[in-house]
Amino acid sequence: MNSKARITAIGSYVPNKIMSNDDLEKIVDTSDEWIVQRTGMKERRIAAENEFTSTLCIRAVNDLIKRYGVNIQDVDMIIVPTTTSDFAIPSTASMIQDAFGIPEAGAIDVNAACAGLTYGLHLANCLITSGLHRKVLVIAGETLSKVTDYTDRTSCVLFGDGAGAMLVEYDAEQPSFLSYIQDTKGSSGKHLYRTALRNEWYGEPLRDSEKMVQNGREVYKWATRTVPEGMEKLLEQANIKMKDLNWFVPHSANLRMIESICEKKGFPIEKVLTSMVYYGNTSSASIVLALDLAVKDGRVTQDDVLLLIGFGGGFTYTGLIVKWGVPSNIKE
Ligand code: ACO
């Protein structure tokens, strides 16, 4: 891949309120033991009533600016991967443009469910490598607690809130992007949805729900088959051996699923970065949150080679191999 784009900064934010497995035991018929065993999750963060996706995204960008001292006034495109925009119109990206007063930026939201962050990074790389853009902000944020059905024990234990921001800039000398794959199985849309204008799926009635509805088994089967295939394709394309990867960062849907993927590929679980144990499944934000936890504690350092795969509703997935381009010694 002939990329001319480098990831140069990262920031994140999660709400203060913690919802533990014990808290969930008081709401639905579940147990800490069941949740930990099936998902690996212990806690998730919950946005306050007056905190929305834009609020979390703005705080993630502030964190990025504070830690790396970067100027974002010359950002020329703002991409917000999210499934929980504050409004249907305007986009959350345009609210971020306003919050920072960025003078000449494009602003779009991208809905690719849990594959949002990897799609956002891919788009940023394409825009910059094409020569049409120089500096792109990708901010993945979710307030899933606002669309979670807290009477449905099969899904409410999974989801949490959070946001993460990444800056991607023109750099033909030290590009971050080494390989890319994508695939979509649109026929499976009914297995993970939230209704909007329609409540039937090609003539088949759906549960009319503004809350998340999922068939967990179908998601599990699809992800544990496609992610290992995707890893193989990415490595082949980048001409990299699995042992040369520093880190694997899959969407943090649940730990059991990730363990099964690693087992299939013979990939060491110690080299996997996740965010679900303390943040739950934060959909499009999960990969950037996992990365930032590891950047902050020094596990991820400049020039590390990372394999990222986002997968989810659609069903759709995107994967990238990236060389971590963020210097470790800046204002951390
Ligand atoms: N607490 C206790 N018992 C529960 C709970 C709960 N929270 N949820 C379900 N159960 C019960 C069920 O009622 C069922 O009981 P029964 O046998 O008496 O009917 C039993 O546990 C097994 O239920 P399953 O739904 O078959 O549970 P499964 O083993 O498939 O685990 C899970 C459910 C964790 C959701 C699993 O399917 C999974 O990991 N799926 C992946 C989906 C996922 O991660 N989705 C996130 C969104 S999509 C994404 O991010 C890509």
Side-chain angles (χ1 to χ4, degrees), residues 5-16 18 45 47 51 53-82 92-93 95-103 105 107 116-118 120-121 124-125 128 134-143 160-171 174-177 246-247 249 252 273-275 277-279 282 284-306 308 320 322-332:
R6 186 160 74 96
I7 299 167
T8 57
I10 185 168
S12 62
Y13 176 79
V14 290
N16 293 328
I18 294 172
R45 297 301 179 102
E51 271 184 321
T53 296
S54 66
T55 331
L56 273 48
C57 288
I58 289 165
R59 290 188 181 146
V61 175
N62 274 326
D63 181 52
L64 176 149
I65 294 170
K66 196 170 129 220
R67 285 161 55 194
Y68 295 94
V70 289
N71 169 31
I72 63 160
Q73 291 305 306
D74 55 351
V75 159
D76 53 25
M77 182 62 78
I78 303 163
I79 299 174
V80 175
T82 185
T92 300
M95 297 171 78
I96 290 164
Q97 178 280 324
D98 179 46
F100 292 95
I102 303 172
L117 188 269
T118 39
L121 287 177
N125 175 38
I128 292 171
R134 302 284 295 185
K135 206 170 190 181
V136 179
L137 249 184
V138 179
I139 315 133
E142 301 284 1
T143 42
D161 302 336
M166 290 165 99
L167 192 61
V168 187
E169 296 186 62
Y170 179 85
D171 189 339
Q174 301 175 70
S176 289
F177 296 84
N246 295 96
W247 301 104
V249 199
S252 278
L273 303 177
T274 64
S275 56
V277 178
Y278 293 104
Y279 297 155
T282 52
S284 68
S286 85
I287 290 179
V288 56
L289 287 174
L291 265 171
D292 205 22
L293 284 170
V295 166
K296 281 182 181 152
D297 67 20
R299 277 175 294 162
V300 168
T301 54
Q302 190 168 10
D303 293 337
D304 275 0
V305 178
L306 316 168
L308 320 178
L320 303 160
V322 299
K323 195 175 225 193
W324 190 243
V326 184
S328 308
N329 56 354
I330 293 184
K331 286 197 177 183
E332 286 283 357

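Computed from heavy atoms alone, side chains included, the values below leave out hydrogens, waters and symmetry copies.
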| request: Taking all heavy atoms of Tyr13 and all of Ala60, pick out the closest pair and write down the distance. | output: CB-N, 3.8 Å
| field | Contact check, side chains of Leu273 and Val300, non-hydrogen atoms, under 4.5 Å | value | yes
| query | Atom OG1 of Thr274 and atom CG of Leu291: how far apart are they, to the nearest 0.5 Å? | reply | 11.0 Å
| query | Ion pair present between Glu51 and Arg59, side-chain N to carboxylate O less than 4.0 angstrom? | reply | yes
| Hey, does the side chain of Asp76 reach the backbone of Arg134 with a donor-acceptor pair shorter than 3.5 angstrom? | yes
| request: Check for a donor-acceptor pair, side chain of Ser176 on one end and backbone N or O of Ile7 on the other, with a separation under 3.5 Å. | output: yes
| Does any non-hydrogen side-chain atom of Val75 lie less than 4.5 Å from one of Gln73? | no
| message | Quick check against the 3.5 Å criterion: does Asp304 have a side-chain atom that pairs as donor or acceptor with the backbone of Asn246? | response | no
| query | Thinking salt bridges, do Lys296 and Asp292 make one under a 4.0 Å N-O criterion? | reply | yes
| said: I'd like to know if the side chain of Asp171 reaches the main chain of Arg6, judged simply by a donor and an acceptor atom lying under 3.5 Å from each other, with no hydrogens or angles considered. | reply: no
| field | Closest contact, heavy atoms only, Ala165 versus Leu64 | value | O-CD1, 3.6 Å
| note | From the list Thr82, Thr53, Thr282, side chain to side chain donor-acceptor pair (under 3.5 Å) partner of Thr143 resolves to Thr53
| said: In the structure I gave you, are the side-chain heavy atoms of Leu306 and Lys323 within less than 4.5 Å of one another anywhere? | reply: no
| field | Shortest non-hydrogen contact between Val288 and Ala140, atoms and distance | value | CG1-CB, 4.3 Å
| request: Answer yes if the side chains of Trp324 and Asp303 hold a donor-acceptor pair under 3.5 Å, and no otherwise. | output: no
| message | Within the structure provided, determine whether Ile139 and Ile96 are in side-chain contact (heavy-atom separation under 4.5 Å). | response | yes
| message | Looking at every non-hydrogen atom in both residues, tell me the closest pair between Thr8 and Pro327 and how far apart they are. | response | O-CD, 4.2 Å
| Tell me, do Leu137 and Ile72 make a side-chain contact under 4.5 Å, heavy atoms counted? | yes
| task | Write down the atom of Leu117, the atom of Pro81, and the distance for their closest heavy-atom approach. | result | N-CB, 3.9 Å
| note | Closest heavy-atom pair, Gly120 versus Val138, reported as atoms and distance to 0.1 Å, is O-CG2, 3.7 Å
| query | Does Ser284 reach the main-chain N or O of Gly116 with its side chain, forming a donor-acceptor pair under 3.5 Å? | reply | no
| task | Evaluate the side-chain proximity of Trp247 to Leu308: yes if any heavy-atom separation is below 4.5 Å, no if none is. | result | no
| query | So, are Asp74 and Lys135 salt-bridged, with charged N and O less than 4.0 Å apart? | reply | yes
| task | Would you please test Arg67 and Val295 for side chain to side chain contact (heavy atoms under 4.5 Å, CB included) and show each step? | result | CA-CA 12 Å; Arg67 285 161 55 194; Val295 166; 4.0 Å; yes
| Arg45 to Tyr279 six-membered ring, cation-pi geometry met (6.0 Å, 45°) | no
| query | Are the side chains of Ile128 and Val168 in touch, meaning some heavy atoms are under 4.5 Å apart? | reply | yes
| task | Flag the pair Tyr278 / Ile18 as yes when at least one side-chain heavy-atom distance between them is below 4.5 Å, and no otherwise. | result | no
| query | Which is it for Val80 and Ile78 under the side chain to side chain contact (heavy atoms under 4.5 Å, CB included) test, yes or no, and what are the steps along the way? | reply | CA-CA 7 Å; Val80 175; Ile78 303 163; 4.3 Å; yes
